Amino acid sequence: MEGTTEMEIEEPKSKKFGLKNSIQTNFGNDYVFQIVPKDDWSSVAVSLSTKAVKLYSPVTGQFQGECKGHSDTINQIAFSVSSSPHLLHSCSSDGTIRAWDTRTFQQVSCIDSGSSQEIFSFSFGGSNDNLLAAGAKSQVLFWDWRNGKQVACLEESHIEDVTQVHFVPDNRNKLLSASVDGLMCIFNTDGDINDDDDLESVINVGTSIGKVGFFGETYQKLWCLTHIESLSIWDWKDSRNEANFLEARSLASDSWTLDHVDYFVDCHCPGEGDSLWLIGGTNAGALGYFPVNYKGARTIGSPEAIFGGGHTGVVRSVLPMSSMKGGPAQSRGIFGWTGGEDGRLCCWLSDDSTGINRSWISSALVMKSPKARKKKRRNPY
């Protein structure tokens with residue numbers, strides 16, 4: 001949300017968001033896993049539990065096409081490097097990373113890591129932007145994406161599934177990996193890559209890691225969400241812990257009037273600066289944006305934005321359009337999209353536009369349910 005104050009609302013009230021429309025992506029019990037935007041915002045890609053990726057217009061919600069080919073769960077999707085903006089990549093538990101041409105919805109390349117392997121995450125980077133890194137079963141794999149040749153396999157740094165790999169923004173030769181074993185590792189990917197010479201630092205989070213991300217003006221800070229719904233903040237360059245929120249769900253639950261926060265979807269970092277929001281949800285489908293104070297008192301504040309009435313189950317992905325550069329002009333007023341285990345894609349409006357379906361306004365959700373739900377969240381990958 002660079003250059004805007006979308007969520008800087010007057011205290012003590014939270015900003016309520018209206019639902020513009022809701023798309024049922026499939027029939028039955030299919031999940032929406034992830035929503036990612038194309039650079040020019042002409043499309044958003046949506047990964048589904050049907051092992052397919054569907055594309056929609058982020059402004060109108062119109063269905064554009066479908067990419068099908070994976071034989072197992074899709075674990076991550078991302079649009080390609082800027083030189084090929086029409087390419088969408090996806091990785092899967094079938095052991096492949098596939099590239100799709102979103103103009104024709106056809107597969108154009110496939111990297112196969114082997115039948116016994118699963119790919120949980122991937123990232124493009126390297127000093128020359130020629131590397132494709134992937135997190136697999138206790139391994140970090142590297143290919144030269146230009147020719148599909150595997151150039152390295154790191155197998156001594158982790159002992160369990162590598163759930164996340166990210167090249168560091170502004171330090172493209174550095175790669176962060178995170179694993180179910182509770183470790184985050186930083187590697188230097190210049191030259192020949194190996195465990196002995198290129199492992200620069202190890203951060204021990206202490207529990208299985210689900211999702212990580214960089215933020216701050218120099219991307220030196222790192223947030224980490226675990227599979228037990230705890231949050232920690234780190235300075236990755238110094239391997240220094242800046243804050244631990246072991247009881248993050250309780251802290252967030254105490255700061256709003258809805259049901260107990262059952263899980264966290266993601267963290268949101270609004271462009272430059274050190275601000276951080278934690279996105280938490282209930283099993284019934286309500287969402288809150290909770291500001292994180294990781295300095296001084298180390299608190300999780302009252303939600304500055306609330307989304308209710310759109311979903312009927314766990315939300316898996318949040319895509320805020322207002323936080324991204326280059327959003328289409330006609331999207332003014334659209335806050336973003338969410339997707340979840342109810343198979344729905346929901347589009348949310350952030351202003352008082354007449355396009356809001358008034359029956360979905362969140363202001364009706366002002367009472368906490370007498371029975372707070374505390375159902376265990378399903379494994380996210």
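Because the structure is a prediction, the values reported are computed rather than measured.
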Enquirer: Using ring centroids (six-membered ring only for Trp), state whether H89 and F79 fall under 6.0 Å.
Expert: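 No, ring centres 6.0 Å or more apart.
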
Enquirer: Quiz question: by atom type and distance under 3.5 Å, do the side chains of E304 and W277 form a donor-acceptor pair?
Expert: yes

Enquirer: Strictly below 4.0 Å, N to O, side chains only: are R103 and D101 in salt-bridge contact?
Expert: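 A salt bridge is present here (some side-chain N lies under 4.0 Å from a carboxylate O).
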
Enquirer: Treating Ile, Leu, Val, Met, Phe, Trp and Tyr as nodes and any side-chain heavy-atom pair under 4.5 angstrom as an edge, say whether L175 and V151 lie in one connected cluster.
Expert: yes

Enquirer: Test of understanding: with ring-ring contact (aromatic ring centres under 6.0 Å, His included), list the residues that count as partners of F63, not counting sequence neighbours.
Expert: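 F63 satisfies ring-ring contact (aromatic ring centres under 6.0 Å, His included) with Y56 once adjacent residues are dropped.
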
Enquirer: Could you pull out all residues at least two apart from S127 that satisfy side chain to side chain donor-acceptor pair (under 3.5 Å)?
Expert: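 With sequence neighbours excluded, S127 shows a side chain to side chain donor-acceptor pair (under 3.5 Å) to D190, given in chain and number order.
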
Enquirer: Residues in side chain to side chain donor-acceptor pair (under 3.5 Å) with Q106, at least two apart?
Expert: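 Expected list: none.
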
Enquirer: Can a side-chain donor-acceptor contact be found between D198 and T189 if the only test is distance below 3.5 angstrom?
Expert: no

Enquirer: What residues, two or more places apart in sequence or in another chain, satisfy side chain to side chain contact (heavy atoms under 4.5 Å, CB included) together with N241?
Expert: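 N241 satisfies side chain to side chain contact (heavy atoms under 4.5 Å, CB included) with S232, W234, N244 only.
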
Enquirer: Holding to salt bridge (charged side-chain N to carboxylate O under 4.0 Å, His left out), I want the full list of residues that pass it with E242, two or more places apart in sequence or in another chain.
Expert: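 If we apply the salt bridge (charged side-chain N to carboxylate O under 4.0 Å, His left out) test to E242, skipping adjacent residues, the hits are K221, R240.
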
Enquirer: Which label fits F335 and F307: parallel for a plane angle under 30°, tilted from 30 to 60°, or perpendicular past 60°?
Expert: tilted

Enquirer: So does K174 pair up with D170, basic N to acidic O under 4.0 Å?
Expert: no

Enquirer: Can you name the residues that form a side chain to side chain contact (heavy atoms under 4.5 Å, CB included) with P85, not counting sequence neighbours?
Expert: none

Enquirer: Which pairs of donor and acceptor atoms, one on a side chain in residues 128-138, lie under 3.5 Å apart (sequence neighbours left out)?
Expert:
from, atom 1, to, atom 2, distance (Å)
D129, OD1, R172, NE, 3.4
D129, OD1, R172, NH2, 3.4
N130, ND2, D144, OD2, 3.4

Enquirer: Indicate yes or no for a side-chain donor-acceptor contact from R344 to the backbone of G310 under 3.5 Å, with no hydrogens or angles considered.
Expert: yes

Enquirer: For F290, enumerate each residue passing the ring-ring contact (aromatic ring centres under 6.0 Å, His included) test, keeping only those at least two apart in sequence or located in another chain.
Expert: W256

Enquirer: Who clusters with L87? Use side-chain heavy atoms, under 4.5 angstrom, across I, L, V, M, F, W and Y, and order the result by chain and number.
Expert: V108

Enquirer: When you measure from the side chain of S179 to the backbone N and O of G182, does any donor-acceptor pair fall under 3.5 Å?
Expert: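 Looks like no, no N/O pair under 3.5 Å.
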
Enquirer: Which residues satisfy the side chain to side chain contact (heavy atoms under 4.5 Å, CB included) test with S177, sequence neighbours excluded?
Expert: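 With neighbours one apart ignored, the set is V140, H158, V162, V165, C185, F187.
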
Enquirer: Can you name the residues that form a side chain to side chain contact (heavy atoms under 4.5 Å, CB included) with I159, not counting sequence neighbours?
Expert: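 Side chain to side chain contact (heavy atoms under 4.5 Å, CB included) list for I159, sorted by chain: D181.
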
Enquirer: Does the pair D274/K295 count as a salt bridge with the N-to-O cut at 4.0 Å?
Expert: yes

Enquirer: For Y294, which residues count as a ring-ring contact (aromatic ring centres under 6.0 Å, His included) partner, sequence neighbours excluded?
Expert: F215

